[in-house]
Each structure stands twice: as C-alpha cells, then as structure tokens.
Amino acid sequence: MADTLPSEFDVIVIGTGLPESIIAAACSRSGRRVLHVDSRSYYGGNWASFSFSGLLSWLKEHQENSDIENDSPVWQDQILENEEAIALSRKDKTIQHVEVFCYASQDLHEDVEEAGALQKNHALVTSANSTEAADSSFLPMEDESLSTMNCEMLTEQTPSSDPENVLEVNGAEVTGEKENHCDDKTCVPSTSAEDVSENVPIAEDTTEQPKKNRITYSQIIKEGRRFNIDLVSKLLYSRGLLIDLLIKSNVSRYAEFKNITRILAFREGRVEQVPCSRADVFNSKQLTMVEKRMLMKFLTFCMEYEKYPDEYKGYEDITFYEYLKTQKLTPNLQYIVLHSIAMTSETASSTIDGLKATRNFLHCLGRYGNTPFLFPLYGQGELPQCFCRMCAVFGGIYCLRHSVQCLVVDKESRKCKAIIDQFGQRIISEHFLVEDSYFSENMCSRVQYRQISRAVLITDRSVLKTDSDQQISILTVPAEEPGTFAVRVIELCSSTMTCMKGTYLVHLTCTSSKTAREDLEPVVQKLFIPYTEMEIENEQVEKPRILWALYFNMRDSSDISRSCYKDLPSNVYVCSGPDCGLGNDNAVKQFMSQELPLLMLRSVVK
C-alpha cells in the first residue's frame, strides 16, 4: 500500500528505463534512500521486452491509453500558498502509428489458450526461416573472465543463487533462470519456478523441423512465453560503455549474453556475409586477392588513423563515402566498409566520424567472438531489470503501477521539494529524476522530438541460410531514395531465448521520415515474402516468410537540452528514452553526465 511508503527519500526516480535504472542503482549503492516508481505494470518503459501474450496486452494498453483523459487535479488542495505544482502526464504519447498483421495460418479447431489473440489480417507482407542455439559468449571480469547469470529471486537486500542451476560454459559461470516482471507495489525484480521452467533452455530434440511443417498462429500463442520481444532493438559493443559499466559495477552477474555470429550485407538484391576478422578476410570467396590486400591495408590504417593525419587532412569537410572514393578501394570494398563496418550511409557521416566508427568496430573485434557485438539473452529488457535488481539489493524501494500526479515546487527557490502520488501521499526528496515521457504537453511545448520507425517480424527461416541454423545476424540495408534512411535489421534465433523453436525474430529500425510501415515495408518486401497456404508446399521458395508483423513509431527524446523544457526546476533531471543508434552509449552517457553529486553517480563503478 502507498501509505506504507516512507515520507522522505534522498532520490525519487520516475520511470524504469535503462538510464533511470542505472542512476537509481548508483544512488542506492552509494547509500542514498531511493524510491523508484513507474506507472506502468512492467519494468523498462520503452526498453522493455515482452512475451508474445505480453506484447498483445501492451498493444491493448496502448490503445486504451490513447483514450485516457486527465482527470481534474484532486491534489490541488495539498499545494500550499508558497508552492506550485507541475502536473505530470497520464498519457504515454511515445508510441504512434501501431499496425499489426498476422499471416500465419489460424487453425480454427485449435484452442487459443492465451487471451488477447488477434484475428488473422489478410494483407501483403513477408517472412523468414528458423534457427537455434549458438554458443554463448559471456562477459568477463576485468581479468577477461566474468561470470554472468540470469536474474533470480531477490530477498530483501541479499541476492540468492541456486548452486544446482550453475553450469560452466567456456570458463564462465552462468545460471539458467529468467527474471520476470514484478508484482505490484513496493516490489523488486523476481522470478518464479513456473517462469523459470517456461524460459530456461530445455533439453529437447534439436533436429531441424520438416520443411513442410506448418506454424500456425495458435501455435505462436501457445508458445508465447518462448518469445521475448524488445520494443527497442540494440546490440552491445564488446568494448562499449555499457559493457564496461556492467563489468565494473558487477551488475553483469545478473545477465547472460551471446555473441552476434555474423554481419551481413544486402547488395544487388542478394544477402551475403561480410568478412570481419583477418581470417575471414583471407578465407572469403567474395573478394579477390588484390581486394583482400587493399582491405587489410585500409583497416590497419583505420586502427591508428590519428597517427597519420596527412592521410585524411583536407578531407574533414566531406562525407566518409566521398573519402572512401579517394582511397585505393574497389566499389565492392567501399560498400563493405561504409555499410557493414562503419555502419553508416553515404550522407550521414563525415570523414572523421566514419574513421572513428570503423576504428570502434575493429577495436571491439575478438574480445568475445568473431564480431564486435553481444546480445543479452531474453532480450534488451533484461538490462534495466539488472540495474533495478542492484538498486533493490542496496535498499531501493520499487513501486510499479504507481503513478505520480505532480511535482511540488517551492516558488521562492524554484526547486522541487516533493511529489504527490496517485493516493494523494506527499513524498519529500532532495533530487528527482523523471523520464521524458512523463512530462505534460505544456512542459514539452518547446521540444522538437525525432521519431524512430520500428518493425518486429516473426519469420519461418533466416534471411541467409547456411549449414548452421544457429546464427544471430545484423544487416544494414542502405537508403535508396533522398530523404530516407538506412534500415538496420537484427535477426535473432531461438537460442537467444527470444523466440520459439522453428522461428526467427527479426527487428527493423531506422530514423523516421514517414510512418513506420511506410519507412520499413519496402525493405521487408525485399527480404521476405508473404506467408500463404499455397507456398507452404513449395520447397523452392528462396525468401523467408513472415508469420506475424508489428509496425510502430517510437519517440526519440535523446540529445534534447534541458533548457527546452519549460520551467524545469534545477533539481529535476531528465532522462531520455531510447535513441536510434545501434549501441547503448547514449544511456550510459546520461548516467555519466547528469548533474547529481559525483559521489552518487560514480559509486556504482567502484
């Protein structure tokens, strides 16, 4: 109950996204009293991951949320003469243009056990093939051997582990448990035996399913807990800021990771694998011997480009694409470097930015595998929960489904002094962190938001079939028309614990120029084909088939100056939602740059 909450804290955090969760963990670990609240019923905000039935519930909540009207402020009676209130929004306006399509066969004779199942929608889309388990890659400690484990049941302030669930993989200890979303009020991340049994890898027959085996929508619903579908699609650079923070803070013990196994390119209507390491380059059949030498020479230069300023001096004001044309690189190599290594576009990056991106890619190679990237098992939504777990272990109090009505501001000092929650309780604090989506339209009237276009597909096989069905892939599809943006495609197999056996989970992301479907459907049609009953029997179909698709636009509130927010008190700090970038550096930079006392912020890495 809300009336059991203490009436005073050192820090109140509103929203459980990744930046807020990192800062809450830092504050709690430094000994501050932390209250972490979220009006949603799940952790992570727009960083969350859902089972399939959970995603259907999220879609339903989004639809209902759009109909919410802000009630009359009953808390006005609690505002004193020397105070004023900043009302917070009850509507989440960060998600727009939601469109859902189901192409899988719906067997009407099968009982759909999960509530919220969508009826089949006959529309044009596409799909993909199945893959499975890949070898896990685990974060090392600072001595390069770090043990990671999935989240488990928390007692008050002491983490627990079950020795029987610990197993040794590549010299690292991991556990096979899955952290699930919390209950209601004043709770901490937890999991139940039922959840664990539903989500841990099960020793089952891993033989490939017959090509003619039909995957129905009812089957997807029944296996819904096998899915962990991210609202935001990101990867972790193996030497990125978030990996360093996870290791130094020891939060990584709450998570488990896999290495991205391949990087793909889309050229002339075909998907092909890009060589990453030195061995890949010299073993590649796509490159001639001359091209291999050219590529290795250029990549060697990029690793230490700052030592050779004469090589790029005079090119700083042109794009990286134009700079590559001046180098001794064939068009084939220029394409690989631009889209699959620097992961930029013809117009997006300057020469210096492109060289930095290429160096970062090369610097991350080989730390945990053959590519620079890691992916958290059970989805991106595990990461905010890991930091929430640390905050709870050190005494932080968590309340989900707990909304804040307003911030109470002292007129004289212009500082926030308290919040008033949904039960009318006034809770005092010294510092306040608020996720951007909680601010009202009036407070954000001067803010210019960007948008992210997102698509989530469930497909029946991989975009590039190989001998192994254990592939986790990233692919960049360049923009073809002016004013549009390159589309990033991340394809996850069932070994990532994000989809059921026999399917792939495909995430598409780009900066919005139109609605998500308008931005992404052209790429979907290039890579996939519609799933129809007639094509099930056709074993010669080359492209994967889509079973289910979701399109939506998400607000990008990153890189917005606090001066854009109207009358923001000096002790209220704003955290943004996810950005469109591939990595999580923006979230960590918010943690490093917030104006809270340094002791409070830095202690998490000590």
Side-chain angles (χ1 to χ4, degrees), residues 9 11-20 23-24 35-40 45-46 65-66 68-96 402-422 424 426-452 512 553-580 586-587 589-591 593-597:
F9 290 87
V11 182
I12 294 177
V13 182
I14 304 174
T16 53
L18 183 57
E20 304 95 270
I23 296 173
L35 173 63
H36 202 170
V37 300
D38 199 325
S39 61
R40 303 174 181 92
N46 284 347
N65 179 72
S66 62
I68 292 178
E69 295 183 4
N70 286 319
D71 299 329
S72 57
V74 296
W75 38 262
Q76 279 189 345
D77 294 340
Q78 298 195 40
I79 305 302
L80 306 178
E81 290 185 3
N82 63 337
E83 298 172 342
E84 62 183 43
I86 298 177
L88 297 184
S89 176
R90 292 185 57 201
K91 296 182 180 181
D92 182 358
K93 298 184 178 181
T94 60
I95 305 296
Q96 297 178 331
H402 195 111
S403 61
V404 175
Q405 301 295 317
C406 69
L407 305 176
V408 181
V409 180
D410 183 79
K411 289 182 178 180
E412 183 177 350
S413 65
R414 300 304 306 166
K415 286 189 174 184
C416 185
K417 57 194 296 187
I419 63 169
I420 297 177
D421 69 7
Q422 65 190 44
R426 176 185 283 239
I427 305 174
I428 300 171
S429 182
E430 183 179 356
H431 300 284
F432 303 82
L433 279 95
V434 184
E435 202 268 316
D436 169 271
S437 65
Y438 283 88
F439 287 126
S440 65
E441 288 185 359
N442 178 57
M443 195 160 193
C444 301
S445 58
R446 298 195 298 250
V447 178
Q448 296 293 322
Y449 292 111
R450 299 181 297 273
Q451 295 289 324
I452 303 169
S512 299
N553 289 90
M554 177 183 290
R555 176 191 292 177
D556 181 353
S557 56
S558 62
D559 301 324
I560 293 176
S561 170
R562 62 177 290 118
S563 61
C564 295
Y565 298 97
K566 186 177 179 181
D567 299 326
L568 185 69
S570 59
N571 62 335
V572 174
Y573 312 96
V574 184
C575 289
S576 72
D579 64 341
C580 196
N586 182 66
K589 286 177 181 177
Q590 291 182 63
F591 155 68
S593 64
Q594 289 286 7
E595 300 172 15
L596 286 169

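All heavy atoms count here, side chains included; hydrogens, waters and symmetry mates do not. Note that the structure is predicted; figures quoted are calculated from it, not measured. Along the sequence shown, the residues carry numbers beginning at 1.
Of all non-hydrogen atoms in His36 and Gly15, the two that sit nearest each other are NE2-O, 2.6 Å. The minimum heavy-atom distance between Leu35 and Ile427, with the atom names listed, is CD2-CD1, 3.9 Å. In plain terms, the two heavy atoms of Cys580 and Ile452 that are nearest each other are N-CD1, 3.8 Å. Residues Cys416 and Leu407 share a closest heavy-atom pair of SG-CB, 3.8 Å. Taking every heavy atom of both residues into account, Arg40 and Ser437 meet most closely at NH2-OG, 3.4 Å. Here the closest heavy-atom approach between residue Met443 and residue Pro569 is recorded as CE-CD, 4.4 Å.
For the side chain to side chain contact (heavy atoms under 4.5 Å, CB included) test, residues two or more places apart in sequence or in another chain that qualify with Ala587 are Leu18, Pro19, Trp47. Every residue two or more places apart in sequence or in another chain was checked for a side-chain hydrogen bond (donor to acceptor under 3.5 Å, both in side chains) with Gln451, and none qualifies. Listed by chain and number, the residues in a side chain to side chain contact (heavy atoms under 4.5 Å, CB included) with Ala87 are Trp75 (sequence neighbours excluded). Asp436 is linked by a side-chain hydrogen bond (donor to acceptor under 3.5 Å, both in side chains) to Tyr449, Arg555, Tyr565, counting only residues two or more places apart in sequence or in another chain. Checked against salt bridge (charged side-chain N to carboxylate O under 4.0 Å, His left out), Glu84 has the following partners two or more places apart in sequence or in another chain: Arg414. Contacts of Glu430 classified as side chain to side chain contact (heavy atoms under 4.5 Å, CB included), with partners at least two apart in sequence or in another chain: none. A search for side-chain hydrogen bond (donor to acceptor under 3.5 Å, both in side chains) contacts involving Asn553 returns Ser453, Ser512, not counting sequence neighbours. Partners of Arg446 by salt bridge (charged side-chain N to carboxylate O under 4.0 Å, His left out), not counting sequence neighbours: none found. Legend: residues meeting side chain to side chain contact (heavy atoms under 4.5 Å, CB included) with Ser403, ordered by chain and number and at least two apart, are Ser39, Gln405, Gln422. Scanning for side-chain hydrogen bond (donor to acceptor under 3.5 Å, both in side chains) contacts around Ser561 gives Ser563, with sequence neighbours left out.
Gln448 CD to Ser557 OG: the interatomic distance, rounded to the nearest 0.5 Å, is 13.5 Å. Rounding to the nearest 0.5 angstrom, the gap separating the CD1 atom in Ile12 from the CG atom in Asp421 is 9.5 Å. Within the model, atoms CG of Asp559 and SG of Cys564 stand 11.0 Å from one another, a figure rounded to the nearest 0.5 Å. Here CD1 of Ile420 is found 5.0 Å from CZ of Arg426. Values are rounded to the nearest 0.5 Å. Separation of atoms NZ (Lys415) and OG (Ser570) is listed at 5.0 Å; rounding is to 0.5 Å. Atom CD1 of Ile560 and atom OG of Ser576 lie 7.5 Å apart (nearest 0.5 Å).
Defined by atom type and a distance below 3.5 Å, a donor-acceptor pair is missing between the side-chain atoms of Ser558 and Asp579. Side chains of Asn46 and Thr94: a donor-acceptor N/O pair is present below 3.5 angstrom, by distance only.
Applying the salt bridge (charged side-chain N to carboxylate O under 4.0 Å, His left out) definition to pairs two or more places apart or across chains, none involves residues 403-412.
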Output, in order, the C-alpha distance, side-chain angles, deciding distance and verdict of side-chain contact (heavy atoms from CB on, under 4.5 Å) for Leu88 and Ile419. CA-CA 10 Å; Leu88 297 184; Ile419 63 169; over 6 Å; no
Evaluate Val408 against Leu80 for side-chain contact (heavy atoms from CB on, under 4.5 Å), listing each step before the verdict. CA-CA 9 Å; Val408 181; Leu80 306 178; over 6 Å; no
Take Val574 and Tyr438 through the test side-chain contact (heavy atoms from CB on, under 4.5 Å) and record every step on the way to the result. CA-CA 10 Å; Val574 184; Tyr438 283 88; over 6 Å; no
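A heavy-atom distance below 4.5 Å is not found between the side chains of Ile86 and Asp567. Side-chain contact between Phe439 and Val572 is present, with heavy atoms from C-beta onward closer than 4.5 Å.
Between the side chain of Glu20 and the backbone N or O of Leu433, no donor-acceptor pair lies under 3.5 Å.
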